Amino acid sequence: MRAPSAAPIHDPAFAALKAAVVARTGHHYYADKDDLLWERLRARLRAAAAPDAAAYLARLNGSEEEWAALEAEITIGETFFFRYAEQFAALRATILPERIAARAEDRRLRVWSAACSTGPETYSLAILLHELLGERLPDWRIALTGTDINRDVLATARRAEYGAWALRSLSPQERARYFRRGARENTWVLRPEYRGLARFEPQNLLHLVDGTASLALTDYDVILCRNVLIYFHPDTVTAVVRALAARLRPGGWLLLGHAEPNPSFSEILDPVSLPGTAAYRRPPEERASEPVPAAPPPPDPAAPAPPPTRRAPIRAPRPQAHPQARAPVRSPARVQARPAAPAPAAPDTPLAAVRRLADAGDLDASWQACRAALQADPTDARLRLYEGLLARARARPEEAERAFRGAVYLDKGFVMAHYHLGLTLIAAGRREAGCRALANALRLAAGLPAQESLPEGDGLTPADLVAAARPFLGAGAS
């Protein structure tokens, strides 16, 4: 894997350029990653024919088009349907049914997928709403909005055409139900009945904080803002969460990524304990006279971080949780004690790089990164698993089988390696061997807590695994 080029840290223009990028995008993630930021900036310097950082900063200051191109370069898109199975289980069983019941009189529902990337999360919500409302759907006014700072990924989202990697969590039956074959080889296009529920528009989450966001971004029943707050300065994170809370209807829900909850958020919204889901809720009823305070401006990225301050909540009274949900978590200590999903790979590891490239849709680069990482560490079972997933996504079933078998050899208890080996064998027409591999996966998973996320399962639990494997093994699977 090529190491990022060293950043010109002694060049004042680079420091000014970095400050401008962080201020514009809010991506504090790059505050201590000069080399990584410079590697991404250099691609735009070459494209803009800018000889150095000073020239490129001047170009940025006069071009919204170049800012859009740079934002596309430095953001990373996830392209993955029904990612985080536990979150979608909570949406299906608790959150959306509660909102549908609450809005039954006016038959309106507003859902926002913030930082939606190429659209799989937004379209997964469309599929879920379509299935939950069923024949009632034509009588409802659904506003399902996906937003992102990156206009290129929004263009991809509007096309609704995806490769095998983005559909890897779907069974063949689900893929056939939701998609039709695309014009290009090994691609699928979302069917119109799901595609028509969603719309996409550009939006910078920092504009929620500085007051320049669209006035239409309000009155939402559910907001999903997953795995984007990790890029922001801690003070900006709190300001964004406060601004999102202000855009929820009373009773509305905010869902964050597993690594993003903070005890201070309980001063803004009520945490609700749902398995494997970082969920917060605005009280169903609030005093009409109580205003929602304006969010403070984002911090100056060049200034040192101020000491943390205690912020007032957006409301005083504490609500009762919806009866379908578990009791709200009241204290910061209990928030911290909630069981967490398995920690993802550290952001600078080879495995994380493989996943990041694949999730951004660059399968060729991900494949090359995976092969390079395996040359350095051929005994990493997780890398072998991703070698198999990537080979299968690239329509190389023999290579996929070898990789999955390698992962099983290296770690005989690797549930997801057994599972994907089984699916690969069944797809190749070797049903008996495939069912044996699936049975091995279920046997190993049976020894784990039913609601514990499986390693490298993207939120899949042993209980979910049983449901996924049952169509292949028959109703007797348990």
Side-chain angles (χ1 to χ4, degrees), residues 16-31 44 57-75 77 110-117 122 143-155 157-158 198-249 252 254 256 260 265 268-269 282 291-303 305-306 309 311-312 314:
L17 176 57
K18 173 183 170 179
V21 169
V22 174
R24 167 83 175 216
T25 66
H27 280 202
H28 188 73
Y29 171 79
Y30 290 108
R44 289 311 311 161
L57 180 58
R59 171 70 181 272
L60 279 175
N61 287 336
S63 174
E64 282 298 311
E65 183 179 349
E66 184 56 34
W67 267 118
L70 177 59
E71 288 163 353
E73 185 69 38
I74 67 173
T75 55
R110 291 177 58 80
V111 181
W112 178 12
S113 171
C116 68
S117 185
T122 314
L144 174 55
T145 304
T147 66
D148 201 281
I149 194 174
N150 185 333
R151 294 174 185 267
D152 290 344
V153 298
L154 293 176
R158 295 185 185 103
R199 67 182 181 86
F200 297 91
E201 61 183 55
Q203 183 62 238
N204 186 335
L205 287 178
L206 287 187
H207 293 170
L208 297 173
V209 178
D210 65 21
T212 61
S214 168
L215 295 177
L217 294 174
T218 190
D219 205 32
Y220 282 100
D221 292 279
V222 182
I223 299 175
L224 286 81
C225 184
R226 295 188 54 93
N227 301 326
V228 63
L229 299 181
I230 56 175
Y231 294 101
F232 292 160
H233 185 282
D235 277 7
T236 303
V237 167
T238 305
V240 170
V241 169
R242 187 182 304 282
L244 290 170
R247 284 157 176 80
L248 286 171
R249 287 178 57 83
L254 172 64
L256 303 178
E260 294 171 319
F265 297 168
I268 302 171
L269 294 167
R282 186 166 178 171
V292 175
D300 181 351
T309 57
R311 291 174 171 79
I314 63 169

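As the structure is a computational prediction, the values presented were derived from the model and not from experiment. Every heavy atom of this structure was used, including side-chain atoms; hydrogens, water molecules and symmetry mates were not.
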Inset, instruction - Could you pull out the closest heavy-atom pair between T122 and C116, with the gap in Å? - result: OG1-CB, 3.4 Å

Legend entry - Cationic N near anionic O, under 4.0 Å, R110 to D221: no

Inset, instruction - Drop me the distance from R44's CZ to L60's CG, to the nearest 0.5 angstrom. - result: 9.0 Å

Inset, instruction - State the CG-CZ distance between L244 and R282, to the nearest 0.5 angstrom. - result: 12.0 Å

Inset, instruction - State the CZ-CD1 distance between R247 and I223, to the nearest 0.5 angstrom. - result: 8.5 Å

Inset, instruction - Any chance you could measure T147, atom OG1, to W112, atom CH2, to the nearest 0.5 Å? - result: 5.0 Å

Legend entry - Heavy-atom closest pair, residues W67 and A20: CH2-O, 3.7 Å

Legend entry - Minimum heavy-atom distance between V237 and F265, given as atom pair plus value: CG1-CZ, 3.6 Å

Inset, instruction - Taking the side chain as every heavy atom from C-beta outward, state whether L154 and Q203 have any atom pair closer than 4.5 Å. - result: no

Inset, instruction - Verify side chain to side chain contact (heavy atoms under 4.5 Å, CB included) between T236 and L205, making sure each step is shown before the conclusion. - result: CA-CA 10 Å; T236 303; L205 287 178; over 6 Å; no

Inset, instruction - Write down the atom of D148, the atom of N150, and the distance for their closest heavy-atom approach. - result: OD1-N, 2.9 Å

Inset, instruction - Keeping the roles fixed (side chain from R226, backbone from L256), state whether a donor-acceptor pair exists under 3.5 Å. - result: yes

Inset, instruction - Kindly compute the distance separating OG (S113) from CZ (F200), expressed to the nearest 0.5 Å. - result: 7.5 Å

Inset, instruction - Could you tell me whether the side chain of L206 reaches within less than 4.5 Å of the side chain of I149, counting heavy atoms only? - result: no

